[in-house]
Protein chains: 2
Amino acid sequence: MTARKENSTYTLNEKFITDCDLTYAANKIGGRWKIVILDKLGTRKLRFSELKKEFPYISERMLTLQLRALEQDELVKRTVYAEVPPRVEYELTPIALEFLPIFCQLSAWGRKNKMLKNNRS
Amino acid sequence: MTARKENSTYTLNEKFITDCDLTYAANKIGGRWKIVILDKLGTRKLRFSELKKEFPYISERMLTLQLRALEQDELVKRTVYAEVPPRVEYELTPIALEFLPIFCQLSAWGRKNKMLKNNRS
DNA sequence: TATGGTACAAACAAATTTGTAAGTAATGAC
DNA sequence: GTCATTACTTACAAATTTGTTTGTACCATA
């Protein structure tokens with residue numbers, strides 16, 4: 001959300017990349033956290049504090065940032081319950097659900113190729 | 001490849017994330033360039049200069065770095081022909097080929113959801 | 001002897017991402 | 001009136017990623 005030079009190569013490259021369907025999708029789930037968060041939410045709704053427990057070392061800041069970004073991209077729906085102490089639940093939207101089979105395949109690739117790598121070292 | 005603090009939260013988080021099959025795989029193709037490069041190489045072998053033409057604003061340095069990383073991860077095979085002027089060809093390895101169907105699905109997701117977004121704005 | 005094309009490498013700089021530490025608001029229990 | 005709880009926010013700092021610029025090795029050809 002910081003200001004950015006309009007015509008830096010950085011920005012031109014970014015545009016080029018998000019024009020492509022493939023990398024448009026990839027960017028939605030890029031970075032260190034988004035995929036795991038979506039994956040966790042794939043099994044069930046979770047509150048902020050429950051999510052935090054899933055990732056032992058994530059900072060609250062990071063978790064909030066990622067959730068906000070996912071919300072912005074309409075991959076996650078946020079529901080606030082006006083209680084004290086507050087309760088907030090996060091769940092996947094329909095378009096995020098479509099990612100789940102892809103995650104499965106990625107996961108299968110990972111499982112397989114981690115094994116191959118281990119058997120050689 | 002730079003030195004890093006061994007037990008920073010950053011590193012702990014990274015370990016946590018690459019332990020997971022899903023994010024292990026995601027990390028192999030993460031960042032701005034790897035997916036597009038693999039995708040281009042999915043159609044045919046390409047030389048360095050041909051790849052560069054595919055991405056109008058990429059710097060040679062970036063392209064080299066990404067190709068090196070992909071080679072390191074055994075997703076890309078590099079062949080040098082001892083000619084003058086030099087010729088180097090890049091092609092996918094068998095394990096990289098397995099990513100292609102996943103890219104297709106990601107691409108389909110992108111196409112669909114970019115359209116949805118455009119129709120609303 | 002000078003020039004040109006290919007595929008880089010090195011030094012540096014900018015931009016973005018991720019992490020740290022501290023603080024806030026609301027409210028009901030003690 | 002103090003404290004604990006939850007889900008954050010803010011200001012700051014560290015780490016990583018990406019980009020810019022300049023330079024190099026190779027030898028064929030002019």
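Below, chains carry the letters A, B, ... as their sequence lines are ordered, and counting in each starts from 1.
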Inset, instruction - Check A:Asp73, A:Thr18, A:Thr23 against A:Lys28 for a side-chain hydrogen bond (donor to acceptor under 3.5 Å, both in side chains) and give me the one that passes. - result: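 Passing option: A:Asp73.
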Inset, instruction - Report yes if the side chains of A:Leu67 and A:Arg78 come closer than 4.5 Å at any heavy-atom pair, otherwise no. - result: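 No, every pair of side-chain atoms sits at 4.5 Å or beyond.
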Inset, instruction - Taking the side chain as every heavy atom from C-beta outward, state whether B:Trp33 and B:Leu65 have any pair of such atoms under 4.5 Å apart. - result: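 No, side chains not in contact.
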Whole-Å distance separating the [atom1] atom of [X] from the [atom2] atom of [N]:
X       : N      : atom1 : atom2 : value
A:Glu89 : D:dA7  : CD    : P     : 9 Å
B:Ile58 : D:dT18 : CD1   : P     : 10 Å
A:Ile37 : C:dT18 : CD1   : P     : 10 Å
A:Leu12 : D:dG19 : CG    : P     : 10 Å
B:Asn27 : D:dT17 : CG    : C1'   : 14 Å
B:Arg32 : D:dG19 : CZ    : C1'   : 10 Å
B:Lys53 : C:dG5  : NZ    : C1'   : 12 Å
B:Leu65 : D:dG19 : CG    : P     : 10 Å

Contact under 4.0 Å: [X] side-chain N or O vs [N] OP1/OP2:
X       : N      : value
B:Arg47 : C:dA7  : yes
A:Arg87 : D:dT5  : no
B:Thr9  : C:dT20 : yes
A:Gln66 : C:dT18 : yes
A:Ser49 : D:dA7  : yes
B:Tyr90 : C:dC8  : yes
A:Asn13 : D:dG19 : yes

Legend entry - First encountered from the 5' end of DNA chain C, between A:Pro85 and A:Trp33: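 On the 5' side of the pair lies A:Trp33.
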Inset, instruction - Could you work out which one of C:dT6, C:dG19, D:dT9 sits closest to the side chain of B:Pro86? - result: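 So the nucleotide nearest the side chain must be C:dT6.
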Legend entry - Nearest-nucleotide pick for A:Met62, side chain only, options being C:dC8, C:dT18, D:dA7: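 My answer, after comparing the listed nucleotides, is C:dT18.
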Legend entry - Given DNA chain D, 5'-ward residue of the pair A:Arg78 and A:Val84, judged by closest heavy atom: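 Taking each residue's closest nucleotide, the earlier one in sequence belongs to A:Val84.
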Legend entry - Sole candidate of B:Arg44, B:Arg87, B:Lys45 that passes salt bridge (charged side-chain N to carboxylate O under 4.0 Å, His left out) when paired with B:Glu50: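 Option passing the salt bridge (charged side-chain N to carboxylate O under 4.0 Å, His left out) with B:Glu50: B:Arg44.
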Legend entry - Cation-pi geometry met for B:Arg32 and A:Tyr10 (6.0 Å, 45°):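 Positive - B:Arg32 is close enough to the ring of A:Tyr10 and near enough to its axis.
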Legend entry - Donor/acceptor link under 3.5 angstrom from A:Arg61 side chain onto base of D:dT9: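 For A:Arg61, whose side chain was compared with the base of D:dT9, there is no donor-acceptor pair (under 3.5 Å).
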Inset, instruction - Would you please classify the geometry between the A:Phe16 ring and the B:Phe55 ring as parallel, tilted or perpendicular, with 30° and 60° separating the classes? - result: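 Taking A:Phe16 first and then B:Phe55, their aromatic rings stand perpendicular (interplane angle over 60°).
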Legend entry - Touch class at under 4.0 angstrom, heavy-atom based, for A:Ser59 against every strand present: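 If one applies the 4.0 Å heavy-atom cut-off, A:Ser59 turns out to touch a base.
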